[in-house]
Q: 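What follows is a structure written as structure tokens; I'll ask about it next.
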There are 2 protein chains.
Amino acid sequence: MNQRRAATERKANERVGRPGKNGDGPERHESIYHAISDAIIEHRLKPGARLREDALSEVFGVSRTGIRKILQRLALEQLVTLTPRRGASVTRPTAAEAKDVFDARQMIECGLMPEVARRMTPEAAQELRDMARREREALKGGEQSAAIKMSAAFHGRLARLSGNATLAEFVERLCSRSSLILAVYGNAGHLGCESHDHDDLLSFLEQGNGERAQAFMGRHLKAIEASLSIHEEEEETPDLYQIFSA
Amino acid sequence: MNQRRAATERKANERVGRPGKNGDGPERHESIYHAISDAIIEHRLKPGARLREDALSEVFGVSRTGIRKILQRLALEQLVTLTPRRGASVTRPTAAEAKDVFDARQMIECGLMPEVARRMTPEAAQELRDMARREREALKGGEQSAAIKMSAAFHGRLARLSGNATLAEFVERLCSRSSLILAVYGNAGHLGCESHDHDDLLSFLEQGNGERAQAFMGRHLKAIEASLSIHEEEEETPDLYQIFSA
DNA sequence: ACAAGGTCCATTGTATACGTATTCCTGTCG
DNA sequence: CGACAGGAATACGTATACAATGGACCTTGT
């Protein structure tokens with residue numbers, strides 16, 4: 001209950017987002033969308049967190065109409081769950097969904113590797129190396145949020161290189177959902193991708209070795225999935241236990 | 001211009017959809033969504049057709065607010081295109097998009113076959129046989145609309161059998177987009193799936209022969225793609241030519 | 001003291017109204 | 001006779017207001 005009280009009292013006139021920068025144009029919605037989705041992907045908004053329309057409209061300085069549009073978009077990407085008369089909340093993926101997502105990534109990302117290896121260019125490789133480096137640095141600096149986002153961006157960028165926009169878009173959505181899954185089932189210790197996995201993968205791709213890249217991506221994803229502790233949480237009173245143990 | 005005039009004058013008080021049946025509840029939106037998406041998939045609404053919010057709100061008897069929500073949902077599924085200040089229109093897939101969609105289907109639907117063969121049950125097989133039969137009957141009866149919808153439903157149902165809801169949903173969306181692609185690039189003569197392909201595929205799956213099913217699905221999709229006449233249409237005045245030739 | 005019921009409030013769902021941009025038509029000028 | 005410009009109408013984008021439903025808190029009875 002303290003959470004709700006705190007959220008209510010913080011009715012602040014301080015609007016986030018770039019106050020004077022973004023014109024009131026339609027780009028505003030884009031920026032708000034990214035602000036919310038980034039917050040979810042970076043675990044600043046945890047699964048189960050409620051997203052009240054009034055609060056969001058006050059925070060971002062736009063009317064509920066615009067917020068609703070953004071919320072529906074996020075819902076179709078399955079980052080938030082829209083319960084009929086209860087409002088929006090950050091999606092809490094089930095164990096079955098987690099398995100589905102990783103199976104899908106296994107099939108698609110691995111299947112994409114040969115084509116990516118074929119289309120890899122020095123410029124793209126350089127960009128990916130930069131992303132991998134920034135991810136490592138974030139991880140080393142203890143910034144889990146940034147590391148998770150960079151990892152998802154890396155996988156998404158890689159998929160885009162295949163030239164298939166449809167599949168790339170799907171991979172990006174799967175990566176976003178993976179971030180949510182990590183938030184729920186991930187162990188705090190070692191999260192997500194191993195430090196040098198992405199660099200190793202890049203080496204194979206730069207060599208044009210699609211086969212090895214495909215196999216390596218398969219192991220990479222399996223490793224991530226194996227690092228999760230998938231246990232279906234009980235439905236009845238798990239919150240009470242958590243509260244008392246905390 | 002005749003089209004526009006006709007559409008304008010038909011301002012009719014006759015509301016479509018079930019007038020007294022569907023309660024004004026939230027189910028109404030579901031039925032409207034399906035009415036529009038079915039119309040698109042069945043080619044009753046052709047690519048490029050404009051979907052004015054006012055007209056739709058009058059036709060279905062709900063306010064523009066609800067229509068906008070539905071339109072945005074259709075836009076995220078890429079069945080309609082939302083141009084910033086121009087409104088909504090049925091998406092006209094480009095040649096590149098068509099290739100992407102069929103490449104994606106190739107990868108995913110083929111990859112799903114082994115698991116589908118493993119999970120195939122007599123009941124599911126029976127249901128799929130019924131769907132294939134109804135598709136054949138529709139095709140024989142000259143009802144292209146129904147045949148196209150049934151074909152998409154068949155592929156979607158098949159994907160659902162894999163047990164992976166995420167991939168199944170994606171396949172369903174790809175099938176919807178395929179219907180659009182057929183509308184633009186398909187030859188009127190022989191459209192979509194060959195008559196007995198689906199039955200043959202079912203036989204392999206009932207035998208639990210995932211390998212052959214996978215190979216057959218690959219050929220099946222390749223055959224559909226090959227039957228298309230992919231030619232990038234000119235941008236300037238193709239509509240005029242079509243109007244004058246018609 | 002605990003449980004059950006009722007009442008009140010908070011939050012979402014929907015509609016309507018207003019503002020703005022774009023497009024089509026018409027009139028005039030070259 | 002054609003082309004450009006201006007105006008009017010049309011259609012989208014946004015905000016605000018109202019209605020309905022579900023939850024939470026309080027009260028009361030056992």
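Convention: sequence-line order gives letters A, B, ...; per-chain numbering from 1. These numbers come from the heavy atoms of this one structure, side chains and all, not from hydrogens, waters or symmetry mates.
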Q: Between A/Glu143, A/Glu42, A/Glu135, which is the residue that forms a salt bridge (Lys or Arg N to Asp or Glu O under 4.0 Å) with A/Lys149?
A: A/Glu42
Q: Over how many whole Å does the gap from A/Arg86 atom CZ to C/dG13 atom C1' extend?
A: 15 Å
Q: Could you tell me the separation between the CD1 atom of B/Ile70 and the P atom of D/dC12, rounded to a whole number of Å?
A: 15 Å
Q: Would you kindly give the CD-to-P distance between B/Glu58 and C/dA15, to the nearest whole Å?
A: 14 Å
Q: Once side-chain contact (heavy atoms from CB on, under 4.5 Å) is applied, do any residues pair with B/Ala39, and if so which ones, sequence neighbours excluded?
A: B/Arg44, B/Leu45
Q: Please give, in whole Å, the distance from D/dA9 C1' to B/Arg52 CZ?
A: 12 Å
Q: Distances under 3.5 Å between protein N/O atoms and the N/O atoms of nucleotides 15-18 of chain D, please, pair by pair.
A:
from	atom 1	to	atom 2	distance (Å)
D/dA15	OP2	A/Ser63	N	3.1
D/dA15	N7	A/Thr65	OG1	2.9

Q: Under the rule for ring pair (Phe, Tyr, Trp, His ring centres under 6.0 Å), what residues qualify as partners of B/Phe102, not counting sequence neighbours?
A: none
Q: Starting at CZ of A/Phe60 and ending at C1' of D/dT14, how long is that distance when rounded to a whole Å?
A: 18 Å
Q: Rounded to whole Å, how long is the line connecting atom CD of A/Glu53 with atom P of C/dT11?
A: 11 Å
Q: Is a side-chain donor-acceptor pair under 3.5 Å present for A/Glu109 with A/His155?
A: yes
Q: Scan residues 158-181 of chain B for pairs that pass salt bridge (Lys or Arg N to Asp or Glu O under 4.0 Å), counting only residues two or more places apart or in two chains.
A: B/Arg160-B/Glu172
Q: Output yes when at least one side-chain N/O atom of A/Lys69 is less than 4.0 Å from OP1 or OP2 of D/dG13, else no.
A: no
Q: Quick one: OG on A/Ser37 to CD1 on A/Ile70, what's the gap to the nearest 0.5 Å?
A: 10.0 Å
Q: Among the nucleotides C/dT22, D/dC12, D/dG22, which one has an atom lying closest to any side-chain atom of A/Arg85?
A: D/dG22
Q: Atom CZ of A/Arg50 to atom C1' of C/dT11: distance rounded to whole Å?
A: 8 Å
Q: Looking at the side chain of A/Arg68, which of C/dG13, D/dG23, C/dT22 is the nearest nucleotide?
A: C/dG13
Q: Could you tell me the separation between the CD1 atom of B/Ile67 and the C1' atom of D/dA11, rounded to a whole number of Å?
A: 14 Å
Q: Sort out for me which residue in B/Val101, B/Ile108, B/Asp103 forms a side chain to side chain contact (heavy atoms under 4.5 Å, CB included) with A/Leu167.
A: B/Ile108
Q: If we fit an axis to the first five pairs and another to the last five of the helix from C/dA1-D/dT30 to C/dG30-D/dC1, what angle do they make, to the nearest 10°?
A: 10°
Q: Among residues at least two apart in sequence or on other chains, which ones pass ring pair (Phe, Tyr, Trp, His ring centres under 6.0 Å) with B/Tyr33?
A: none
Q: Report yes or no: do A/Thr81 and A/Thr91 form a side-chain donor-acceptor pair below 3.5 Å?
A: yes
